[in-house]
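Remarks on the structure that follows.
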Amino acid sequence: MTKKKFYVTTAIDYPNAEPHIGHAYQKIVADVLARWHKLIGDDVWFLTGTDEHGKKIQEAAEKVGKTPKQFVDELSVKFKEAWKSLNIEPDRFIRTTDKDHEKLVQEVIKKCYENGDIYKGEYEGCYCTGCEAYYTEKDLVDGECPYHPGKKIQKLKEESYFFKLSKYQKFLLDLYKKNPEFVLPKERRNEIVNRVKEGLKDLSISRTSFNWGIPFPLDKKHIVYVWFDALFNYVSGAGKNQEYWPANVQLLGKDNLWFHAVYWPAFLKSAGYELPKTIFVHGFLTCNGQKISKSLGNVISPKYLSGKYGADAVRYFMCRQFPFSEGSDGDFSEKALIDRYNNELADKLGNLVSRVAALAEKYRIEKCENKLLKKLKLKEIEKHFENYELDKSLNEIFAFIDVCNEYVQNKKPWETHDAKVLYELVESIREIARLLSPFIPESAEKILKQFSAKKIIKGEILFKKIETK
RNA sequence: AGCGGGGUGGAGCAGUCUGGAGUGCUCGUCGGGCCCAUAACCCGAAGGUCGUGUGGUUCAAAUCCCACCCCCGCUACCA
């Protein structure tokens with residue numbers, strides 16, 4: 001029997017600043033999904049990376065006196081390290097400056113051109129003579145350049161290559177209709193359907209105003225527009241020979257919805273690739289009720305958190321606290337993390353493991369039919385994973401942990417020394433550890449090791465309580 | 001403005017799609033039990049007119065429909 005393929009991608013991050021918990025959240029979820037699918041025996045490929053071209057990178061690099069390449073070389077390492085500190089283990093960390101990716105993008109442009117979807121035209125934008133750069137309406141403050149207020153913004157025209165996005169309106173609407181799971185959750189799909197119905201403009205996909213990008217294969221004066229470049233990372237990074245494409249699920253934040261739900265399928269269709277099964281849009285994290293932003297000074301680095309609380313605690317918190325599948329926003333706070341750590345990981349899970357290990361060390365255990373384990377709602381947990389409801393699957397697992405604690409209480413094995421009761425508990429804990437392994441890989445492995453040994457002994461405390469005061 | 005999300009005991013959330021006694025979870029408060037365990041675990045109690053309309057549909061509404069109020073996000077060539 002051939003294994004079922006499971007390919008998960010995350011958005012690739014734009015490394016013009018250091019990684020924060022918002023980036024981390026998405027990567028954690030992707031890693032949990034990847035680990036879960038490995039656990040149930042799928043052939044898994046997990047891709048993440050950095051999006052390294054574009055004007056903003058070029059500018060950010062110039063500001064600190066580095067070449068764009070030096071700049072992204074250094075920052076992409078910070079992203080890699082952050083993920084490593086959280087035990088996030090992608091099968092490939094792709095960078096859009098990777099040679100194989102650049103080659104693929106150029107080939108794709110040619111394919112789209114051959115299919116008649118690319119033509120030369122004129123791009124009109126708001127040009128600031130002070131910056132010598134284009135801005136979008138949104139960048140402008142009261143119709144003026146944020147850096148050169150008072151200076152005139154000119155409407156300038158520039159030669160550019162366009163992608164015939166307008167041609168794909170019907171194709172996209174059909175796609176959303178026939179494949180309701182293409183954009184999840186459904187609220188987001190409705191949003192897109194409404195906006196696409198309003199009509200689509202052709203898209204400028206080349207630039208001449210700066211040069212940090214992939215050379216446009218049809219015209220040496222141009223470079224490829226960053227989104228065209230960035231999106232195809234999912235194909236270039238899909239295994240050694242792109243054998244994992246199409247993706248089963250592509251995770252992204254709601255800021256990237258339009259690009260992934262509209263441009264992406266149109267580009268793929270034009271270039272003759274299959275479409276991903278699902279693009280899954282999650283919400284944003286706020287931090288103590290505020291937007292995460294540099295200017296507010298509330299940017300928390302993933303490495304700081306994993307260093308202070310451990311990778312497992314952060315992973316657990318992120319998955320349990322926020323209803324991922326709803327696509328809604330969630331609020332991050334260290335206090336909430338500590339509360340959940342103390343109450344759930346230390347008191348419920350840690351204490352259960354610890355008390356049962358102590359009992360199993362003192363008294364003997366005897367294999368028997370496990371009535372306790374029947375109370376574990378395994379089917380529902382699997383169902384929740386299928387639906388990306390990580391918080392709900394954790395709820396079910398922890399409900400069973402409560403059942404186990406209750407069982408210890410009621411059966412009083414410290415009095416009865418009942419070997420069968422202890423067996424039921426030991427086996428149940430092994431199952432709990434197995435199910436938790438995608439979320440808290442380090443701790444789960446420790447538990448499994450401890451409870452699979454010939455002689456179970458009470459080990460180190462798994463989750464030491466965090467004193468607050 | 002348009003579109004989307006939210007308003008549920010003291011706090012934070014599920015529950016709403018597929019209507020059925022205000023059900024549940026974490027924390028907090030109060031009382032009890034246990035002594036295996038990380039001062040952990042278990043049981044019980046108090047506390048809510050489920051944003052407003054004393055609106056509509058229904059035998060029955062937190063759940064469906066309508067109106068209004070209050071929060072928050074998104075609005076495309078910017079990553």
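Letters A, B, ... mirror the listed sequences (proteins, then strands); counts begin at 1.
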- Tell me which nucleotide among B:rG15, B:rA40, B:rC36 gets nearest to the side chain of A:Asn351. B:rA40

- Calculate the interatomic distance between A:Lys412 atom NZ and B:rG33 atom P; express it in whole Å. 13 Å

- Message: Could you tell me how far B:rU49 sits from B:rG44 if I compare only their P atoms? Round to whole Å.
- Response: 24 Å

- Go through the steps to decide whether A:Asp202 and A:Lys167 satisfy the test salt bridge (Lys or Arg N to Asp or Glu O under 4.0 Å), and finish with yes or no. CA-CA 8 Å; A:Asp202 286 349; A:Lys167 180 177 138 185; over 6 Å; no

- Message: Students often get this wrong, so: under 4.0 angstrom with heavy atoms, is A:Ala358 touching a base, only sugar-phosphate, or nothing?
- Response: sugar-phosphate

- Message: Please confirm whether the shortest side-chain N or O distance from A:Lys348 to OP1 or OP2 of B:rU38 is below 4.0 Å.
- Response: no

- Test of ring centre spacing under 6.0 Å for A:Tyr168 and A:Phe163: yes

- Checking N1-N3 plus N6-O4 or O6-N4 for Watson-Crick, or N1-O2 and O6-N3 for wobble, each under 3.5 Å, the partner of B:rC36 is none

- Could you tell me whether A:Asp117 and A:Lys269 have a side-chain N and a carboxylate O separated by less than 4.0 Å? no

- Item | Length of the CG-P vector between A:Asn256 and B:rA76, whole Å | 14 Å

- Can you check the A:Asp339 CG to B:rU26 P distance for me, whole Å? 13 Å

- How many Å lie between CG on A:Asn342 and P on B:rA39, as a whole number? 12 Å

- Message: Working note: A:Thr97 + A:Lys69, criterion side chain to side chain contact (heavy atoms under 4.5 Å, CB included); need CA distance, chi angles, decisive distance, verdict.
- Response: CA-CA 8 Å; A:Thr97 50; A:Lys69 184 71 169 98; 4.2 Å; yes

- Using whole Å, report how far OH of A:Tyr341 lies from P of B:rC27. 16 Å

- Task: Give one of base, sugar-phosphate or nothing for A:Gln321, where a contact means two heavy atoms less than 4.0 Å apart.
- Result: nothing

- Query: On a whole-Å scale, what distance lies between the P atoms belonging to B:rU52 and B:rC59?
  - Reply: 25 Å

